[in-house]
Protein chains: 2
Amino acid sequence: MTRHDSRPLTLRDVSEASGVSEMTVSRVLRNRGDVSENTRKKVLAAAKQLGYVPNKIAGALASQRVNLVAVIIPSMSNMVFPEVMTGISRALEGTDLQPVVGITDYLPEKEEKVLYEMLSWRPSGVIIAGLEHSDASRAMLRAAGIPVVEIMDVDGMPIDTMVGISHRVAGEKMAQAIVEAGYKRIGFLGTKMPLDHRARKRFEGFTQVMAKAGIEMADQEFYSGGSALAKGRELTEAMLNRTPDIDFLYYSNDMIGAGGLLYLLEKGVDVPAQIGLAGFNGVELLQGLPRQLATMDACRSEIGRKAAEIIAERTTNPESDLPKKIEMTPVISFGDTLKR
Amino acid sequence: MTRHDSRPLTLRDVSEASGVSEMTVSRVLRNRGDVSENTRKKVLAAAKQLGYVPNKIAGALASQRVNLVAVIIPSMSNMVFPEVMTGISRALEGTDLQPVVGITDYLPEKEEKVLYEMLSWRPSGVIIAGLEHSDASRAMLRAAGIPVVEIMDVDGMPIDTMVGISHRVAGEKMAQAIVEAGYKRIGFLGTKMPLDHRARKRFEGFTQVMAKAGIEMADQEFYSGGSALAKGRELTEAMLNRTPDIDFLYYSNDMIGAGGLLYLLEKGVDVPAQIGLAGFNGVELLQGLPRQLATMDACRSEIGRKAAEIIAERTTNPESDLPKKIEMTPVISFGDTLKR
DNA sequence: CTGAAAGCGCTAACAG
DNA sequence: CTGTTAGCGCTTTCAG
């Protein structure tokens, strides 16, 4: 017997079909409380037979519990955030929490909008990229009364908890390695992104160490949009034409670094003797390149995992007092493009 | 005056703070119905002052309307689905609908689970990759009583509507071009993915045309996991060692194709005279390569856009009768790796 | 233009 | 182990 109206099924339908009270049906479907094996089977059979899918909207309203974790990140198109997501998903797999993603495109206003939208679903927690947010966003986050983990960056004050690396230190370390390798004429290539605070912090740490070593940036070049690999080529070519005595190129991400590397190899430049190169992120893609680009791992999946674990712990055990700051340590991999 | 309990704010709080009935507050916050400019201002001020964020759970339950579109895709880590997502987001921007993503990892059981999970939130529509689903999944989709758009593939029967390209035809077209270019000893390299039906359909179309031309596949090689670019190198090397007289390599995706291309160029192979190459997808990344890989655009963002438009149209106008099948036509770009 | 009453479909909290 | 009774916070509907 099939239903002929298309009204979605409710618990009541299952209750009637199985001859068991709504309450007990609910218990069976959620594996809560003791139910006799007999009625359990009856209910499950009826539910399956009808094709019943519970209504979480109603359940969430009644129980005041929503097993969703809002994850708010700037972008999905570079390699970095997908990997963070992987870490989050994996960490949440054992729990009954589910990640829901919102994208901000590095725009504070959009972040605010997305945040508002997500918070209106009353999630169990928020994982959000970065430490820089509009006042309104901070207020919402604080008022939400749920665990908030800010990720990727630890150079600043968290609203609640932060998990990440110090991009300032990352920039410093790379600068250190480059100085020690003896490079002198250094060019910087990166995205034209006033709102990418982490790239900015790396750049600041980098130039500061350089300055201490008495080295001033020889040249810089910025881009926006387009295929990063192609842009890497273009930027590199442009810079070498303008400043031919460059002996090191520091890229703000691995993708443009890879483009630069391919370009230089084609030109027959001796890497790293004539020109050294380094990127940032440690993306998997690099492994297919003819030469390994020097880079620095940003601990992406590690950060995702840890952030999710914190939300999970706080959700099950709100009293547990966890550290407000968890800092990972990025490590340089020298590859074949940075002398040691 | 600040509240000292951390109970989330409700409409009632705004109502009391503004001295306006809950109902009217609700009207103001949703821009529904006529409200005098005066009370509107009072309400808005109170809401903002308190930092009220509406509870969509309650709203959705009361109105029986959820402005969410479930998007179910196999993966986010290759370049293809992020671009579909971009198309969807853009198309939904004008509407009040919001995409929510679920990932299946190409696993039918996981697809079933994710689908169940999403449907329990009673979304306004579903966009799901592929035409192959478990019986249970099909049943759920049919029973949901909401618009369902299956995307990426049109070789099969849709549950409701399908938007995509024919992967069979895509394989055929590429085979045609390769045959016409005069290549004879052809190798296939792809993912070891019995569950990637679209790759399988391309392969079938490809071999069929080859067979008609009296050409049998000279060799094949499959991989799984790892960096696709690196895998492309390895597979290519392995195949050339085993079958040195190969004169064309057909890759099931651009990423491994790019790896193969880089490998061959390093080896000094004359591409495309000595060995021709082709991939599939038309990913942006290719533009940064030293040579343009022949490929075929899969119309990814176009498909996402169209699918979202259909959901939007059906949501606002349930009566509108739209075609059940929308087929896009993929076009070969010959690049520099396929003779013409 | 504004308000009061009655649920939406489920679950918490009690009773048995 | 099972059922009953009240809501969860909003919106629909119907009166003013």
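Note on naming: letters A, B, ... go to the chains in the order of the sequence lines (proteins, then strands), and numbering restarts at 1 for each one.
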If we fit an axis to the first five pairs and another to the last five of the helix from C:dC1-D:dG16 to C:dG16-D:dC1, what angle do they make, to the nearest 10°?
-> 30°

Letter per nucleotide, 5' to 3', of nucleotides 8-16 of chain D [B base touched, S only sugar-phosphate touched, - untouched; heavy atoms, 4.0 Å] = BBBBBB---

Pairs where residues 137-151 of chain B contributes a residue and the test side-chain hydrogen bond (donor to acceptor under 3.5 Å, both in side chains) is met, not counting sequence neighbours | B:His133-B:Glu150, B:Ser134-B:Ser137

For residues 115-126 of chain B, pull every pair meeting side-chain hydrogen bond (donor to acceptor under 3.5 Å, both in side chains), keeping only residues two or more places apart or in separate chains.
-> A:Lys56-B:Glu117

Taking only N and O in the side chain of A:Thr39, is any of them less than 4.0 Å away from OP1 or OP2 of D:dT2?
-> yes

Rounded off to whole Å, could you give me the CG-to-P distance for the A:Asp34 and D:dG3 pair?
-> 15 Å

Just jot down the side chain to side chain donor-acceptor pair (under 3.5 Å) partners of A:Arg90, sequence neighbours excluded, or say none.
-> none

Under the side chain to side chain donor-acceptor pair (under 3.5 Å) test, which residues partner B:Thr315, sequence neighbours left out?
-> none

Taking OP1 and OP2 of D:dG3, is either one under 4.0 Å from a side-chain nitrogen or oxygen of A:Thr24?
-> yes

For B:Lys306, enumerate each residue passing the salt bridge (charged side-chain N to carboxylate O under 4.0 Å, His left out) test, keeping only those at least two apart in sequence or located in another chain.
-> B:Glu309

side-chain contact (heavy atoms from CB on, under 4.5 Å) against A:Thr95, all qualifying residues, sequence neighbours excluded | A:Leu92, A:Leu97, A:Ala312

With a 4.0 Å cut-off, would you call A:Glu37 and A:Lys41 a salt bridge?
-> no

If you look only at pairs with a residue in residues 64-75 of chain A, which of them pass as a side-chain hydrogen bond (donor to acceptor under 3.5 Å, both in side chains), with sequence neighbours excluded?
-> A:Ser75-A:Ser77

